[in-house]
Amino acid sequence: MMRDELEGVNKSVYKTDWQWQEGEYTVTRTNQWTAPGCHNGCSVLYYTKDGKVEKIEGDPLSPYNQGRLCMRCIDMVEIVNHPERLKYPLRRVGERGGNDWERITWDEAYDEIEKNVRQIQEEFGPECIVSMQGTGRNICWQTPYLSYSAFGSPNFVLGFLSGDACYLPRTTIGHCFMGDFMVADCSQHLERRYQDPEYVLPEYMLIVGNNPLISNGDGFFGHWVVDLMKEGTKLIVIDPSCTWLASKADHWLRVRPGTDAAVIIAMLNVIINEDLYDHDFVENWCYGFDELKERVQEYTPERAAEIAWIDAEDIRAAARAFAKAMPASIQWGLKVDQTVCGIPLAHALLSLGAICGDLDVPGGCMIPRCAYDISDSYGCGLWNVPDEMLQKMLGVETSPLHALGFDPTANGDTVLQAIETGKPYPIKMLFIQSTNPIANMAADAPRVYNAMRSVPFNVVVDAFMTPTAIACADLVLPCAMSCERNSGRVWWWPLRSIVKVSEYHEAKSDEQIILDIGKRLNPRLFPWKDDVELMTWWVQSGNRFHAGWPAKTDQTFPELVEKVIDWPEDWAYRKYEKGLLRDDGQPGFNTNSGKCELYLTLFEAWGFDPLPYYEEPPESPVSTPELSEEYPLVLTTGARTWEYFHSEERQVPRLRESHPDPLTDMHPDTAAALGIVEGDWAWVENMRGKCKQRIRFNPTLHPKVVRSEHGWWFPEREGAEPDIFGVFDSNINNLTVQGVTGPTLYGAPYANQICKVYLVTKENDCSPSEIVTRKGGFQNVK
Amino acid sequence: MSSKYGLLVDYNWCTGCHSCEIACKVELGLAEGQYGIKLFADGPRQLPSGRWEYTYLPVPTSLCNLCEDRVAMGKLPTCVHHCQAACMSFGTVEELAKVAAGKPKSSLFVPC
């Protein structure tokens with residue numbers, strides 16, 4: 001059933017006003033983002049009474065989610081009113097690692113931040129202050145703006161994410177390839193959605209590196225895929241596990257984790273050698289086809305099949321299905337980024353969309369930009385950083401991709417090295433906004449724990465007390481949740497309001513926090529009277545990085561609040577034909593050649609491989625056969641759960657009831673050989689460390705592959721060390737590695753490790769958290 | 001005479017997202033361990049053809065009152081409203097039976 005959102009909704013109950021009264025409740029139509037965490041921005045109705053959120057519903061009049069919500073939004077009232085939320089600014093009492101704090105005022109907290117920042121700026125330089133955030137939360141532009149404009153530092157980074165291995169490899173290569181990104185077209189840019197006459201149903205969708213139903217990555221509401229399937233869209237799913245989508249797919253390729261690049265390049269081989277590609281698009285809009293054709297000859301389906309542990313005929317069948325479909329679409333996700341060949345894998349996928357003629361056609365691989373071209377991302381405020389300071393950004397020396405500011409973040413691995421070595425300069429302060437790196441995101445969590453503790457002054461902004469705050473914070477500031485913020489959402493389309501309907505003790509919005517700090521440190525760059533003025537500036541902030549499409553808006557934030565959702569009128573398909581993608585207004589893509597660069601001219605200039613290639617994971621049965629004798633299983637990590645956004649929500653009773661323990665999926669035959677019964681606690685261990693999780697049988701996995709969850713800590717346990725909420729006990733990032741990335745510094749092997757698994761027994765049971773915090777780490781206790 | 005009402009689950013499309021389950025717990029204020037609708041799963045289990053059976057089905061329990069308060073206000077039951085796969089419908093048993101006749105995999109519940 002494709003819903004026409006305006007049909008069948010009871011308009012006497014669900015109104016198009018932005019606010020109305022329903023009995024004792026004030027009902028507000030707005031949109032939810034974070035906190036609590038999510039990559040989505042669904043439309044909701046908040047029911048408030050006496051300034052408190054008492055009920056929430058999905059807004060059935062929103063074309064975005066059409067009333068639908070996931071578990072976390074449905075349980076929002078329990079989350080927002082959670083008694084353990086941080087209520088006041090806190091200053092540490094005693095040593096780091098303890099859980100003793102004193103309540104202070106916001107002014108006292110700001111005084112301390114201002115004093116430290118000014119002292120570091122004068123003594124060491126602004127670059128010695130590093131700001132960081134967690135993935136995809138509603139601080140994508142706020143923390144960067146604070147770093148660039150108040151601290152004066154170019155070092156904004158994603159919480160020690162090795163290889164920037166979330167999204168950035170894909171966006172960066174997208175910029176090199178065609179000057180833009182690509183997203184599966186589920187009509188999300190059209191107000192009338194599936195009813196829009198311009199929209200075309202994809203015949204096939206290739207889903208790779210994600211399970212969109214659960215992950216909803218990068219502003220993509222995963223269940224749109226189900227909407228399409230109901231109308232006849234067929235699927236090709238590349239995944240080590242048979243997800244629900246894979247079970248419904250016409251083609252499921254059960255690849256060995258980390259080998260997707262070999263398979264995609266082999267698909268290109270089939271499509272090119274069987275002459276299934278779009279000659280017109282290749283001739284007119286692609287650069288370097290001959291070089292690509294030559295490269296893919298090295299990747300026969302047979303060779304890729306051997307690498308990926310699948311059948312060559314399945315690769316051929318998937319390639320033919322994709323190429324013959326008109327249109328075909330690609331929904332790519334995080335796991336594309338989480339190998340050392342994340343960049344060439346993403347390059348291969350872009351090439352696949354391009355040569356099959358699916359780029360930016362309705363129902364294909366559309367080229368999105370943010371509505372009104374709003375500066376919603378990591379580059380926000382970069383224009384305030386002087387050139388000589390930009391050159392000090394950590395990572396620039398190693399990787400020209402960072403220097404060019406395609407996705408202007410410092411590199412997490414390089415920041416870690418700087419903290420550890422003091423080179424090229426010492427790091428004196430971390431501003432940690434809504435990220436909990438040692439619970440999630442940082443590879444080699446114990447190493448990052450030690451590094452963070454060595455930085456002299458650290459500030460954590462979060463909604464709950466986290467293991468990261470216990471470990472290293474000197475100040476902890478309580479942040480507001482989405483319903484307590486005046487904010488907004490694009491990423492990508494439409495523009496959506498986020499309006500404040502309630503308050504929680506002294507928690508402040510991230511907008512208010514950066515404004516307060518900015519006004520003290522650099523008032524010239526924070527001229528706004530309040531958060532509403534700041535948000536009006538943001539709404540109007542378009543066309544900083546693109547000259548033409550989409551056009552900026554001059555509406556104010558209060559006007560947006562009344563609109564709730566705003567669909568700009570200038571969405572267009574086939575923008576490369578219309579001169580919308582290039583700043584000079586000419587047809588073509590926003591690259592040196594004006595074409596999709598199958599052969600990357602920038603990479604050639606920088607000395608990187610300009611064509612897609614496959615590289616074996618640095619540790620695998622193939623690349624390290626001796627190590628694999630001791631660690632015979634391939635470990636993939638980070639499969640999403642319905643209940644949790646990364647390290648969040650473990651303290652929320654209804655969600656925890658639904659998913660009480662960390663789970664490792666294993667084939668029943670493998671488990672039987674190890675004497676493991678479903679539900680047993682087992683150690684997952686490799687040469688770097690170990691953690692314990694419960695075993696869940698998954699007969700769809702290859703018997704040599706296991707799959708472990710990430711982000712686990714236990715808020716119900718003791719916060720102070722050595723327990724530190726048990727953050728290292730079940731932490732799969734005890735096993736992952738920092739500083740092993742692709743040559744561009746992008747892409748890291750989070751999802752393709754090796755390990756062994758064995759039962760937790762009375763004799764071998766111990767506390768990894770104690771090992772890390774009290775015994776010097778796993779290497780000391782072996 | 002008023003018709004009986006029911007829930008139709010077009011379970012070909014149920015993805016197992018638990019939205020119905022938790023929406024119901026929130027609506028009815030149910031304690032830990034209690035459900036007004038409970039999600040069941042079959043699989044993933046390999047079929048003789050080599051394909052995988054992977055089927056979810058939410059089943060209303062004896063606590064389900066078909067959201068009588070919401071329905072009285074002109075709203076849909078919260079499970080139907082929030083279902084991410086949009087595979088649940090609410091209506092009279094007669095209406096739903098007609099819809100079910102045209103579906104490959106569907107289940108009609110008349111919980112109360």
Side-chain angles (χ1 to χ4, degrees), chain A residues 1-3 8-14 22-23 42 55-58 60 65-78 211 213-214 216 221-227 229-230 241-249 252 641-643 653-659 697-701, chain B residues 8 10-27 29-35 38-39 41-47 50-56 67 69-76 78-91 99 102-105:
Chain A
M1 172 178 58
M2 287 235 184
R3 292 186 180 181
V9 175
N10 184 344
K11 305 269 197 353
S12 66
V13 181
Y14 298 103
E22 184 182 297
C42 288
K55 293 201 287 186
I56 186 172
E57 267 193 50
N65 54 308
Q66 296 148 312
R68 302 177 277 187
L69 289 179
C70 81
M71 295 182 88
R72 297 194 297 271
C73 253
I74 293 170
D75 200 27
M76 190 60 64
V77 175
E78 188 173 49
N211 181 3
L213 299 184
I214 307 184
N216 298 294
F221 184 88
H223 279 77
W224 292 333
V225 177
V226 180
D227 296 347
M229 290 164 71
K230 290 179 184 175
S241 180
C242 184
T243 60
W244 183 88
L245 287 173
S247 78
K248 303 285 183 282
W252 169 44
T641 63
W642 301 106
E643 293 83 1
R654 283 197 197 100
L655 298 174
R656 189 70 182 277
E657 180 192 359
S658 180
H659 194 132
F697 284 176
N698 181 342
T700 74
L701 290 174
Chain B
L8 183 71
D10 189 0
Y11 67 86
N12 197 38
W13 303 114
C14 175
T15 62
C17 77
H18 297 274
S19 281
C20 57
E21 223 173 54
I22 197 159
C24 182
K25 284 171 82 86
V26 169
E27 180 67 23
L30 299 178
E32 188 179 340
Q34 295 296 335
Y35 299 87
K38 181 87 175 79
L39 185 70
D42 176 24
R45 176 167 55 78
Q46 197 154 29
L47 298 165
R51 288 188 63 88
W52 291 86
E53 178 79 44
Y54 201 168
T55 300
Y56 289 105
C67 282
D69 293 344
R70 287 177 59 91
V71 170
M73 290 176 66
K75 295 184 174 184
L76 288 168
T78 189
C79 57
V80 176
H81 183 106
H82 290 109
C83 174
Q84 289 199 79
C87 71
M88 300 179 74
S89 346
F90 171 75
V99 178
K103 302 272 187 191
K105 286 180 179 174

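Chain identifiers are assigned alphabetically (A, B, ...) following the order of the sequence lines, protein sequences preceding nucleic acid strands; residue numbering begins at 1 within each chain.
- Once rounded to the nearest 0.5 Å, the distance linking NZ of B:Lys75 with OG of A:Ser12 reads 10.5 Å.
- For A:Phe697, no part lies under 4.5 angstrom from a heavy atom of chain B.
- In this structure, no portion of B:Cys79 lies under 4.5 Å from any heavy atom of chain A.
- Taking SG of B:Cys87 as the start and NE2 of A:His223 as the end, the distance is 8.0 Å to the nearest 0.5 Å.
- Taking 4.5 Å as the limit, some side-chain heavy atom of B:Ile22 sits within range of a side-chain heavy atom of A:Leu655.
- Contact annotation for A:Trp224: neither backbone nor side-chain heavy atoms come within less than 4.5 Å of a heavy atom of chain B.
- Contact annotation for A:Trp642: only side-chain heavy atoms (C-beta onward) come within less than 4.5 Å of a heavy atom of chain B.
- Look at B:Lys25 and A:Glu78 and you find no salt bridge, because none of the NZ, NE, NH1 or NH2 atoms lies under 4.0 Å from a carboxylate O.
- Between A:Cys242 and B:Tyr54, the shortest heavy-atom contact is O-CE1, 3.4 Å.
- By the 4.5 Å heavy-atom criterion applied to side chains, B:Thr15 and A:Val226 are counted as neighbours.
- Once rounded to the nearest 0.5 Å, the distance linking NE2 of B:His18 with OG1 of A:Thr641 reads 9.5 Å.
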Apply the test side-chain contact (heavy atoms from CB on, under 4.5 Å) to residues B:Cys17 and A:Leu213: give CA-CA distance (whole Å), side-chain angles for both, the deciding distance (0.1 Å), then the verdict. CA-CA 8 Å; B:Cys17 77; A:Leu213 299 184; over 6 Å; no
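- With a 4.5 angstrom heavy-atom cutoff, A:Thr243 touches chain B only via backbone atoms.
- In this structure, the side chains of A:Trp252 and B:Arg51 stay at 4.5 Å or more apart for every pair of heavy atoms.
- No other option in B:Ala23, B:Ser19, B:Pro44 has as many heavy-atom pairs under 4.5 Å with chain A as B:Ser19.
- Here the side chains of A:Pro699 and B:Arg45 are not in contact, with every heavy-atom distance at 4.5 Å or above.
- With rounding to the nearest 0.5 Å, the separation of OG in A:Ser247 from CD in B:Gln46 is 12.0 Å.
- Interatomic distance, CD1 of A:Ile74 versus NE2 of B:His81, reported as 9.0 Å (0.5 Å rounding).
- Under a 3.5 Å cut-off, the side chain of A:Lys230 and the backbone N or O of B:Trp13 do not form any donor-acceptor pair.
- Top candidate by heavy-atom pairs under 4.5 Å with chain B, chosen from A:Arg72, A:Met71, A:Met229, is A:Met71.
- In terms of heavy-atom proximity, A:Arg68 sits nearest to B:Ala86 at NH1-CB, 4.3 Å.
- Looking at A:Lys248, both its backbone and its side chain come within 4.5 Å of chain B, counting heavy atoms on both sides.
- In this structure, the portions of A:Glu57 lying under 4.5 Å from any heavy atom of chain B include both its backbone and its side chain.
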